[in-house]
Amino acid sequence: MTAKKAGNQDSFLSRLLHHQLLIPIAALLLLTIFNLIADPSFFQITMGHNSDGNPVLSGYLISIIDYGSELAILAIGMTLVTAASGGQDISVGAGIAIAGSVLLRVLCGTNSRPETLQTPVFVAFIVCCIVAMIFGAFNGALVAFFRIQPMVATLILFTAGRSIAAWINNNELPIISEKSFTYFGGYLPGIPIPTPFFIALLCFAITWAVLKFTNLGLYVQAVGINEKTSRLNGLNPELIKFSVYILLGLCVAVCGLIKVSRLSTINYSVIAKDIEMDAILAVALGGNALSGGKFNMGASILGAYVIQFLTTTLYKFNVQSDALSAYKAVVVILLVVLSAPVFRQKISALFRKLRTGSAAA
Amino acid sequence: MANSVSKRGGLSGRLRRMTDTNLLMSITIIVFILMYLGAIIFLKSGFLKPQTLFNIMNANAALIILSCGMTLVMITGGIDISVGGVAGLVTMCCAVYLDYHGGNVFVSLLIALGIGLAFGLIQGYLVAYLEIQPFIVTLAGMFFARGMTTIVHTNPFNVQHEGFVKLKDTRIEIPFLGSVNKHGVFVPAYIEIGVVVALLIVAVLFIFLKWGKTGRSFYAVGGNRQSALMLGINVRRVTFLSHLLCGLLAGIGGFVYFMHVGSGSATHASGAEMNAIASSIIGGTMLTGGVGNIIGTLFGVMSLALIQTIVSSVGLDQAWWTGITIAGMLCLFLIVQSIIIARRKKTNTASAQR
């Protein structure tokens, strides 16, 4: 009787411990408790008015859902890429710089300080999407057809990307004075919640629908788990890997729109700096294997917001933005060590030893 | 099979008998010589002077050392992208130690080696014994090093320390080489200490990889981990050793870089990891491991530096061209490698079946 009960308890505990959402939720709880103890004013949300007289909410929590949104959008694409190719795309930051540069170039035309927009935002966004998808296709082709390791293949754009972005605009920094362009990264008139959050929600809905009603998720996981088996089952692994990188390109374009819209201008060397690290971190925090295979999209998205939570917390304690990466690197190392199979085996062996030791005693 | 190949003889037979390592290395050396000849013929200005070549070496001594470490890791099938970050951290730590704490040069060299060793030890342990993907570990290492650099000191500054400045300005003149300047005075060609260090490291590593027992096991591990294990090689220890050496070389490279620039800055050696990887690949090291050569890496660095010199002397001196040319060259060599290896595999299996 007691043995059965213990067994039940064990299975419940182990199920809880092995659930994918455990890590991001635990991290979120930890951060929340830490902030509650350190300074409860972290959770304060105030209603104010911005320079246009629109009502806006402000506070650390709002800034988390604001700035976490583009990260979450990137995490969608990064999760797919990780699952299918067993590697990560480290050129997303440079890709955002290119996408933003193209967007501004199309909007401004030849003049870098236009009074009015030369083309509608919608058209510019389509062009920017196409360019970002072409760069995604370049990465995808190197990975899928030339069989180069994903991180090394994307290293090419990682270095060249910001140079290309500067070259697209002749190293000028176009500034857009049109008010309506700032809506995408700021606030819509009359709505107090930042627009990036709505864009992110839209992306989540589309992703959910795609994963629910098409076989994309299944195929991606199949290719990630075993490429040969998936080929024998009639899939085309190269095509799936290739298309996943193009999808990531689309996510990069959306992020580029939000990033550029926030500032109405661009700084090639600073825009979306280190975002590739955050995106990989979000995927890892979501409990997805970085070596490919199964994935959980919801966990990645939650992971992205938790990362932003961490960043905001660090900022609040006056950590310089350049030094942030050192702290995050420590978090990454801890996460990958904790999720390493070898480490888990060692720990469980240790526990077993302890248990048998106590039973013998 | 070997008989049939040697009977056919000729160039194609000789090419086929060449190992992958030698083939890829010879391509690089030929490309380098052709580029230099092209530069001499089309852009006469200065490429004939020996000092131009030595200047390229002076500016890239640190990169040669970093690339050697990278090659070691890549031969075992791993990768280390933290070398640039570690080099940057080393310059900043040494600069702060020399100028703000009045230290001496020898201790600062020890600091450089210590930082490199620490990174090598931790990353090596995580990669070899906890079996975490090397890319993730060293990516975190890179970000950690970059972040720490800003924590150590934020603003760039020049080092005024006397002993160090003397060391930095030491020039080794090369006898019988040099050029006559406008005033008709003979100016001897010179190299910096860093170049000597770099060439020494290249020589030692070449012997180590070519004839050392441990060096040969690097290739075995990179070629096929399973077979290496069956041959009785301690695969984990070799992987660990490669990362340890790479970290140590990153420390030395950082100090050589520091001797060249003589200042501390958070942006020092930024993108060096990319250049090191690119040089190794151009020098014929395969990303999949098991193939590579230190001499090839040396020529890889020189080719990369030469193409940058050519690009800037043609007049494309805007900052973005450097990034684009390096990436373009890397991309080209990666694709060439991938195609060559695929074709060789096909012909090898075809001749094996015959």
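Scope of the values below: all heavy atoms of this structure, side chains included, with no hydrogens, waters or symmetry mates. Reminder, nothing fancy here: chain letters follow the sequence lines and each chain counts from 1.
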Task: Heavy-atom pair count under 4.5 Å with chain B, highest-scoring of Gln149(A), Arg147(A), Met277(A) - done: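 The answer is Met277(A).
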
Task: Leading residue by heavy atom contact count with chain B [cutoff under 4.5 Å; candidates Val337(A), Leu142(A), Leu155(A), Val330(A)] - done: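 Greatest number of close heavy-atom pairs with chain B: Leu155(A).
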
Side chain from CB out, backbone as N, CA, C, O: work out which of these in [X] comes under 4.5 Å of a heavy atom of chain B, or both, or neither.
X         : value
Ile90(A)  : side chain
Gln88(A)  : side chain
Ile148(A) : side chain
Phe138(A) : side chain
Leu281(A) : neither
Tyr268(A) : neither
Leu324(A) : neither

Taking every non-hydrogen atom, the tightest pair across [X] and [Y]:
X         : Y         : answer
Ser325(A) : Phe143(B) : OG-O, 3.2 Å
Ala160(A) : Ala327(B) : CB-CB, 3.4 Å
Ile151(B) : Ala323(A) : CG1-CB, 3.5 Å
Met148(B) : Ala326(A) : N-CB, 3.9 Å

- [ ] Compare all side-chain heavy atoms of Phe146(A) with those of Leu334(B) and state whether any distance is below 4.5 angstrom.
- [x]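 The answer is no; the side chains never approach within 4.5 Å.
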
Enclosure of [X] [atom1] (heavy-atom neighbours >12, cutoff 6.0 Å):
X         : atom1 : result
Arg237(B) : CZ    : no
Phe351(A) : CZ    : no
Tyr129(B) : OH    : yes

Open item on the list: Run the side chain to side chain contact (heavy atoms under 4.5 Å, CB included) test on Ile132(B) and Val342(A) for me, step by step, so that the C-alpha distance in whole Å, both residues' side-chain angles and the decisive distance to 0.1 Å come before the verdict.
Closed with: CA-CA 9 Å; Ile132(B) 304 170; Val342(A) 179; over 6 Å; no

Given heavy-atom pairs under 4.5 angstrom as the criterion, report whether the side chain, backbone, both or neither of [X] touches chain A.
X         : value
Thr325(B) : neither
Ile277(B) : side chain
Ile79(B)  : side chain

TODO: For the pair Ile333(A) and Ile136(B), evaluate side chain to side chain contact (heavy atoms under 4.5 Å, CB included) and give the outcome as yes or no after the intermediate values.
DONE: CA-CA 8 Å; Ile333(A) 287 293; Ile136(B) 296 288; over 6 Å; no

